[in-house]
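All remarks here apply to the structure that follows.
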Amino acid sequence: MAPDPTDLLEIALAEARTGLDEGGIPIGAALFTADGTLLGRGHNRRVQDDDPSMHAETAAFRAAGRQRDYRSTVMVTTLSPCWYCSGLVRQFGIGAVVIGEARTFSGGHDWLAEHGVTITLLDDERCAALMTDFIAARPELWYEDIGGVPA
């Protein structure tokens, strides 16, 4: 039986809150098997590690270690994956992505869907509130993270 995507999101949401508590950007992710076994979890650590490549999905992917095949794995993330993280999903053939919200940022999830990745967009209010509050409090850090400047 497939796990409830909302249950899987809880781990990513806990990671996002940890990132915020550490002074970073509150985005969390986790990689699971199709049956819901946790392979790896992580959060955006760009600020904490002074590493622009340490996005939440990247951290979860690295924490999962090597897998023989990623097609049956599920990447769960609190925010629509950026192009960098969408590329990671495509490069390794991750079969499904569960997204907490895409209101505050809509990355490459439509592109992923066009290339056969199963996308589940939950539109979770907690994820949206976490990002909305963060963007209001730290716009300079947010715009640095997405490679843009405020309008």
Side-chain angles (χ1 to χ4, degrees), residues 3 5-33 36-67 70 73-113 115 117-151:
T6 305
D7 292 339
L8 301 180
L9 181 64
E10 293 302 322
I11 300 224
L13 193 52
E15 285 292 329
R17 290 178 177 134
T18 297
L20 182 63
D21 290 346
E22 293 173 351
I25 298 160
I27 303 169
L31 187 66
F32 295 91
T33 63
T37 301
L38 177 65
L39 297 171
R41 60 192 289 169
H43 52 276
N44 185 304
R45 296 192 49 85
R46 293 181 75 253
V47 174
Q48 300 91 314
D49 295 352
D50 195 29
D51 179 352
S53 70
M54 191 47 78
H55 290 204
E57 297 88 344
T58 306
F61 182 77
R62 288 178 178 173
R66 291 174 54 200
Q67 305 295 313
Y70 293 92
T73 62
V74 179
M75 178 66 76
V76 179
T77 180
T78 57
L79 184 65
S80 176
C82 69
W83 288 106
Y84 170 66
C85 295
S86 294
L88 180 143
V89 169
R90 286 279 291 136
Q91 173 68 30
F92 290 94
I94 293 170
V97 178
V98 173
I99 301 164
E101 67 101 355
R103 287 186 238 166
T104 58
F105 179 80
S106 185
H109 67 267
D110 288 336
W111 175 74
L112 289 171
H115 288 88
V117 177
T118 301
I119 301 295
T120 303
L121 180 55
L122 299 175
D123 197 28
D124 185 273
E125 188 59 46
R126 299 165 302 165
C127 293
L130 192 61
M131 285 309 301
T132 300
D133 292 348
F134 174 77
I135 293 167
R138 300 291 311 272
E140 76 292 345
L141 196 53
W142 170 242
Y143 287 107
E144 174 191 326
D145 190 60
I146 61 172
V149 294

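Being a predicted model, the structure only gives us computed values, none of them experimental.
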Run the side-chain hydrogen bond (donor to acceptor under 3.5 Å, both in side chains) test against Q67 and tell me which residues pass, sequence neighbours left out.
none
Hey, are R46 and E144 close enough for a salt bridge, meaning a charged N less than 4.0 Å from a carboxylate O?
yes
Specify the closest pair of heavy atoms between T33 and V74, including all atoms of both residues, with the distance to one decimal.
O-CG2, 4.4 Å
Of all heavy-atom pairs between C82 and F105, which one has the smallest distance, and what is that distance?
CA-CE2, 3.8 Å
Does any part of the side chain of T104, heavy atoms only, come nearer than 4.5 Å to the side chain of I135, both counted from C-beta?
yes
About how many Å separate CG of L38 and CD1 of I11, when rounded to the nearest 0.5 Å?
5.0 Å
Spatial distance of atom CG (L13) from atom OG1 (T6) [nearest 0.5 Å]:
11.0 Å
Rounded to the nearest 0.5 Å, what separates atom SG in C85 from atom CE in M75?
7.5 Å
Could you state the interatomic distance from CG (L121) to OG (S106), rounded to the nearest 0.5 Å?
8.0 Å
In terms of heavy-atom contacts, A12 and A30 come closest through CB-N, 4.3 Å
For E57 and R62: C-alpha separation, side-chain torsions, deciding distance, then whether salt bridge (Lys or Arg N to Asp or Glu O under 4.0 Å) applies.
CA-CA 9 Å; E57 297 88 344; R62 288 178 178 173; over 6 Å; no
Sorted by chain and residue number, the side chain to side chain contact (heavy atoms under 4.5 Å, CB included) partners of D49 (sequence neighbours excluded) come out as R45, D51, M54
Between the main-chain N or O of Y143 and the side-chain N or O of E140, is there a donor-acceptor pair closer than 3.5 Å?
no
Quick one: does T78's side chain have a donor or acceptor within less than 3.5 Å of a partner on G28's backbone?
yes
Could you grab the distance from atom CG of L39 to atom OG1 of T73, nearest 0.5 Å is fine?
7.0 Å
If we only count heavy atoms from C-beta on, is the V97 to S80 side-chain gap below 4.5 Å?
no
Anything under 30° is parallel, anything over 60° is perpendicular, the rest tilted; go ahead and classify F92 against F61.
tilted
Do the side chain of Y84 and the main chain of S53 share a donor and acceptor less than 3.5 angstrom apart?
yes
Considering only NZ, NE, NH1 and NH2 on the basic side and carboxylate oxygens on the acidic side, decide whether R17 and E15 come within less than 4.0 Å.
no
Could you tell me the separation between the CD1 atom of I94 and the OG1 atom of T118, rounded to the nearest 0.5 Å?
12.5 Å
Okay, side chain of T77, backbone of P81: is any donor-acceptor separation there less than 3.5 Å?
no
Without swapping roles, check the side chain of E22 against the backbone of G24 for a donor-acceptor pair under 3.5 Å.
no
Decide if atom CG of D50 counts as having more than 12 heavy atoms of other residues, nucleotides or ligands within a radius under 6.0 Å.
no
Just jot down the ring pair (Phe, Tyr, Trp, His ring centres under 6.0 Å) partners of W111, sequence neighbours excluded, or say none.
W83, H115
State, to 0.1 Å, how close S86 and G108 come at their nearest heavy-atom pair, and which atoms those are.
OG-CA, 3.4 Å
Would R90 and L112 satisfy side-chain contact (heavy atoms from CB on, under 4.5 Å), going step by step from the backbone distance to the final call?
CA-CA 7 Å; R90 286 279 291 136; L112 289 171; 3.4 Å; yes
To check you understand the geometry: which heavy-atom pair defines the closest contact between A60 and L31, and what is its length?
CB-N, 4.1 Å
Can you find a side-chain donor-acceptor pair between T18 and H43 that sits under 3.5 Å?
no
Could you check F134 against L141 for side-chain contact (heavy atoms from CB on, under 4.5 Å), going step by step and ending with a plain yes or no?
CA-CA 9 Å; F134 174 77; L141 196 53; 3.8 Å; yes
Cationic N near anionic O, under 4.0 Å, E10 to R126:
yes
Mind checking whether I27 and M131 have side chains closer than 4.5 Å, heavy atoms only?
yes
L20 and P26: which non-hydrogen atoms are nearest, and at how many Å?
CB-CB, 3.8 Å
The single option from T120, V89, I119 that satisfies side-chain contact (heavy atoms from CB on, under 4.5 Å) with H109 is I119
